[in-house]
Q: 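Just passing along the structure, written as structure tokens.
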2 protein chains.
Amino acid sequence: MGRHQTFDTAEVVRAARKVFWEHGYEDASIPDLEAATGLKRSSIYHAFDSKRGLFDAAVNSYLDEVVRPRIRPLITEPVSPDAIVEYLAGLRAALRQAGSFHAENGCLLINAAGAPIAHDAAVRESVAAYRAELHAAIRSGIAARFPERPAGEVDRLAETCTALVVATFALTRVDADAAVGSLDAAVRLLG
Amino acid sequence: MGRHQTFDTAEVVRAARKVFWEHGYEDASIPDLEAATGLKRSSIYHAFDSKRGLFDAAVNSYLDEVVRPRIRPLITEPVSPDAIVEYLAGLRAALRQAGSFHAENGCLLINAAGAPIAHDAAVRESVAAYRAELHAAIRSGIAARFPERPAGEVDRLAETCTALVVATFALTRVDADAAVGSLDAAVRLLG
DNA sequence: CTTTTTGCGGAACGGTCGTTCCAGTATATA
DNA sequence: TATATACTGGAACGACCGTTCCGCAAAAAG
């Protein structure tokens, strides 16, 4: 009974994600999203209820396809002692090539933290949860690198390292050199 | 010849600054700015040309009246060895009281870094210049605290500390505890 | 092949945005 | 006091926003 959806949801969300990532929630217009997804307004609203619904889907897609694959080596046992520095090196490489998408747009969620959409409590919680997930992964990676150090010191190192990564993302758009500098500071910390 | 301005420019900019700080550039509407400043649209446009002109004035006001007074003890000779930790403690106190303006809204310029307005090159440069000014002040404060350490080490410490402060600002809105955590990491670094 | 269900396309909606324009008015100068 | 100046108030502008609605088309089920 009835026809089936002709588009691939994951792919559409991926396209929308790119728009939100590049322009932020508020500057990503429906026409922009139509053009990127190849869908018409009515199809978007039918599938996602609202612009906000599509954004939420994009955030989940971002976590699943961008964030978690990157931090997976930090939390899946056995964690290599080099996993944390490799993670940072990977991030650095992505940011270093000027003009690349990552270098131009930083992190979807950290960008959202300072944007108007952050006045929405649910979005604030998403960003906080993202930071917590990142923090846990970094702590895991640091614990694997320094197995002999006491938990308290690992905690403090992880707190600092996470903050440095956050600063990196916060600065990518406005000052690429400073952003990489923060990342290098993190690498130095764990060298 | 001709009447004079009946309002105090600095005071109007201060009121507008608060609106931009709280809502960000794009969510600060002209009606909002009218209500906050007590001016009508025509007066605003006459005095500042555009919403963007008022924003630029607000940014300068923010630098002159908020940022620079805070970092002044870090750069005016003789710099106390405690100046840097006092700076961080002052920041911490401002962020710690929940509900306060600083705690709710973080930093005007770091917020702008992730917002749509950051696609404007001039704004990006403003934020980068702000970070550079902050960085120079922090380095000066660290140099005063550790006069015996080599310049290279002071540089690295300053880079890390600045990034931690940036992370603090980036997180204030979404995760107050994590923001304070970043600040504490900085204090620990210089303890 | 008919029926039923559902996705799709396109036009239209009300609302808000930043900006402009035009009188009217207050005041410093002559 | 007369005149010139420029600030102020209020209405109006076109553009764009996110959202809704409705008729059509497509395809699975009977």
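Convention: sequence-line order gives letters A, B, ...; per-chain numbering from 1.
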Q: Please set out all donor-acceptor pairs under 3.5 angstrom arising from side-chain atoms of residues 74-81 of chain A, sequence neighbours excluded.
A:
residue	atom	partner	partner atom	Å
A:Thr76	OG1	A:Arg72	O	3.0
A:Ser80	OG	A:Asp82	N	2.9

Q: Please name all residues satisfying side-chain hydrogen bond (donor to acceptor under 3.5 Å, both in side chains) with B:Arg188, sequence neighbours left out, ordered by chain then number.
A: none
Q: Let's see if you get this right: which residues in residues 32-42 of chain B place a heavy atom under 4.0 Å from DNA chain C?
A: B:Arg41, B:Ser42
Q: Using five pairs at each end of the helix from C:dC1-D:dG30 to C:dA30-D:dT1 to define an axis, what is the angle between those two axes, to 10°?
A: 10°
Q: Would you list the pairs meeting salt bridge (Lys or Arg N to Asp or Glu O under 4.0 Å) in which at least one residue belongs to residues 15-28 of chain A, sequence neighbours left out?
A: A:Arg17-A:Glu65
Q: If you look only at pairs with a residue in residues 5-31 of chain B, which of them pass as a ring-ring contact (aromatic ring centres under 6.0 Å, His included), with sequence neighbours excluded?
A: B:Phe20-B:Tyr25, B:Phe20-B:Phe55, B:Trp21-B:Tyr62, B:Trp21-B:Phe101, B:Trp21-B:His102, B:Tyr25-B:Phe55
Q: Show every salt bridge (Lys or Arg N to Asp or Glu O under 4.0 Å) that has at least one partner inside residues 131-143 of chain B, sequence neighbours left out.
A: A:Asp175-B:Arg131, B:Arg68-B:Glu133, B:Arg139-B:Asp155
Q: Enumerate the residue pairs fulfilling ring-ring contact (aromatic ring centres under 6.0 Å, His included) with a member in residues 116-157 of chain B, sequence neighbours excluded, ordered by first and then second residue.
A: none
Q: Not counting sequence neighbours, list each pair that qualifies as a salt bridge (Lys or Arg N to Asp or Glu O under 4.0 Å) and has a residue in residues 104-130 of chain A.
A: A:Arg52-A:Asp120
Q: Tell me which residues in residues 17-29 of chain A lie within less than 4.0 Å of DNA chain D, going by non-hydrogen atoms.
A: A:Ala28, A:Ser29
Q: Going by heavy atoms closer than 4.0 Å, what residues in residues 49-59 of chain A are next to DNA chain D?
A: A:Ser50, A:Lys51
Q: Using a cut-off of strictly less than 4.0 Å between a heavy atom of the residue and any atom of DNA chain C, enumerate the qualifying residues of residues 111-126 of chain B by number.
A: none
